[in-house]
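What follows is one structure encoded as structure tokens, with my remarks underneath.
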Amino acid sequence: MYDIRTREIQEAIQAADVALDHLERAKRSLSSAGNWGLFDTLGGGFISGLIKHSKMSTAEDEINMAKEALARFSKELRDIDGYSSVHINGFLTFGDLFCDGFLMDVIVQSQIGKAKKECENAIKQVSRIRNELQRML
């Protein structure tokens, strides 16, 4: 019985690690997109806009992979007594905006900042649960 519980906890920790990896990558891409977006807003031009959108696309890909990893993490948690699943409130509703112009740049900057904050919150929640699981071993 002990070995099964230990294995289930280890599987949940591994799933948390995968989710955290994708969340951290998304956060880095969002930070970079935000920096390029600020430059773009201040008149950076076409190239800075392309780089910003590339970083946003990378972040969106990582967010999608993080969502899948969080679903697996949630599934693994259901195998452990005391955890039903993990719910990341309003997790990362991040979309593309490929319009240009100062107003659109400001809106995109706001969305990048919101997605980054949601990513940071998800990292905190998953890390907290991961630490609890680690203490159970």
Side-chain angles (χ1 to χ4, degrees):
M1 184 72 167
Y2 174 78
D3 291 330
I4 293 171
R5 179 173 167 74
T6 300
R7 188 182 79 232
E8 296 295 347
I9 293 170
Q10 290 171 336
E11 288 173 355
I13 289 171
Q14 290 171 348
D17 289 343
V18 171
L20 287 168
D21 183 52
H22 288 297
L23 289 166
E24 289 288 348
R25 289 178 194 213
K27 183 177 134 186
R28 283 192 302 272
S29 292
L30 289 166
S31 291
S32 182
N35 292 338
W36 281 103
L38 182 59
F39 182 65
D40 191 35
T41 302
L42 298 174
F46 180 73
I47 299 297
S48 65
L50 285 177
I51 294 170
K52 172 185 72 178
H53 286 293
S54 172
K55 298 295 183 178
M56 288 168 57
S57 179
T58 299
E60 190 171 22
D61 291 344
E62 287 296 336
I63 287 168
N64 288 331
M65 288 185 275
K67 286 179 182 180
E68 291 174 16
L70 286 169
R72 180 171 176 262
F73 180 46
S74 181
K75 178 185 174 293
E76 294 296 342
L77 282 178
R78 286 190 296 270
D79 293 338
I80 301 170
D81 289 336
Y83 290 96
S84 59
S85 66
V86 61
H87 298 283
I88 307 300
N89 295 334
F91 180 65
L92 305 174
T93 53
F94 183 70
D96 289 273
L97 282 178
F98 288 102
C99 301
D100 205 6
F102 179 77
L103 182 59
M104 290 309 294
D105 288 345
V106 171
I107 291 169
V108 170
Q109 278 301 103
S110 174
Q111 286 185 323
I112 290 170
K114 180 182 176 220
K116 184 178 172 194
K117 185 165 183 65
E118 290 175 355
C119 208
E120 290 168 347
N121 289 336
I123 289 168
K124 286 177 189 175
Q125 289 178 14
V126 173
S127 294
R128 179 186 53 78
I129 294 169
R130 187 201 182 283
N131 290 338
E132 289 173 7
L133 294 170
Q134 191 67 44
R135 285 190 294 270
M136 294 169 86
L137 288 178

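Remember, it's a predicted structure, so these values are computed and weren't measured experimentally.
At least one side-chain heavy atom of Met136 sits less than 4.5 Å from a side-chain heavy atom of Leu133.
Residues Gln14 and Arg72 come closest through the heavy atom pair C-NH1, 4.5 Å. Across all non-hydrogen atoms, the minimal contact from Ala66 to Ala19 is CB-O, 4.5 Å. Minimum interatomic distance between Leu30 and Ile112 (heavy atoms only, all atoms of both residues): O-CG2, 3.3 Å.
Under a hydrophobic clustering in which Ile, Leu, Val, Met, Phe, Trp and Tyr are joined whenever their side-chain heavy atoms come within less than 4.5 Å, directly or via other members, Ile13 and Val18 fall into different clusters.
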query: Does the pair Lys67 and Leu70 meet the rule for a side chain to side chain contact (heavy atoms under 4.5 Å, CB included), with working shown?
result: CA-CA 5 Å; Lys67 286 179 182 180; Leu70 286 169; 5.5 Å; no

message: Applying salt bridge (charged side-chain N to carboxylate O under 4.0 Å, His left out) to Lys114 and Glu118, what does each step give before you reach the verdict?
response: CA-CA 6 Å; Lys114 180 182 176 220; Glu118 290 175 355; 3.6 Å; yes

message: Working note: Asp79 + Glu76, criterion side chain to side chain contact (heavy atoms under 4.5 Å, CB included); need CA distance, chi angles, decisive distance, verdict.
response: CA-CA 5 Å; Asp79 293 338; Glu76 294 296 342; 3.8 Å; yes

task: May I have the step-by-step check of side chain to side chain contact (heavy atoms under 4.5 Å, CB included) for Ile129 and Phe73, ending in yes or no?
output: CA-CA 10 Å; Ile129 294 169; Phe73 180 46; 3.6 Å; yes

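One N or O on the side chain of Gln109 and one on the backbone of Gly34 form a donor-acceptor pair closer than 3.5 Å. Remark: side-chain polar atoms of Ser127 are paired, donor with acceptor, to backbone N or O of Ile123 under 3.5 angstrom. Not a single donor-acceptor pair under 3.5 Å links the side chain of Ser32 to the backbone N or O of Arg28.
The pair Arg25-Asp21 meets the salt-bridge criterion, since a charged nitrogen lies less than 4.0 angstrom from a carboxylate oxygen. Between Glu132 and Arg128 there is a salt bridge, with a side-chain nitrogen of the basic residue lying less than 4.0 Å from a carboxylate oxygen of the acidic one.
Considering CD of Gln10 and CD1 of Ile80, their distance stands at 10.0 Å, rounded to 0.5 Å. To the nearest 0.5 Å, atoms CG (Asn35) and NZ (Lys52) are separated by 12.5 Å. From Lys117, atom NZ reaches atom NZ of Lys27 across 11.5 Å, with rounding to the nearest 0.5 Å. Atom-to-atom distance recorded for Leu23:CG and Met65:CE is 11.0 Å, nearest 0.5 angstrom. Taken to the nearest 0.5 Å, the CD1 atom of Ile4 stands 12.0 Å off from the CD1 atom of Ile9. Distance check: Ser29 OG to Glu62 CD gives 6.5 Å after rounding to the nearest 0.5 Å.
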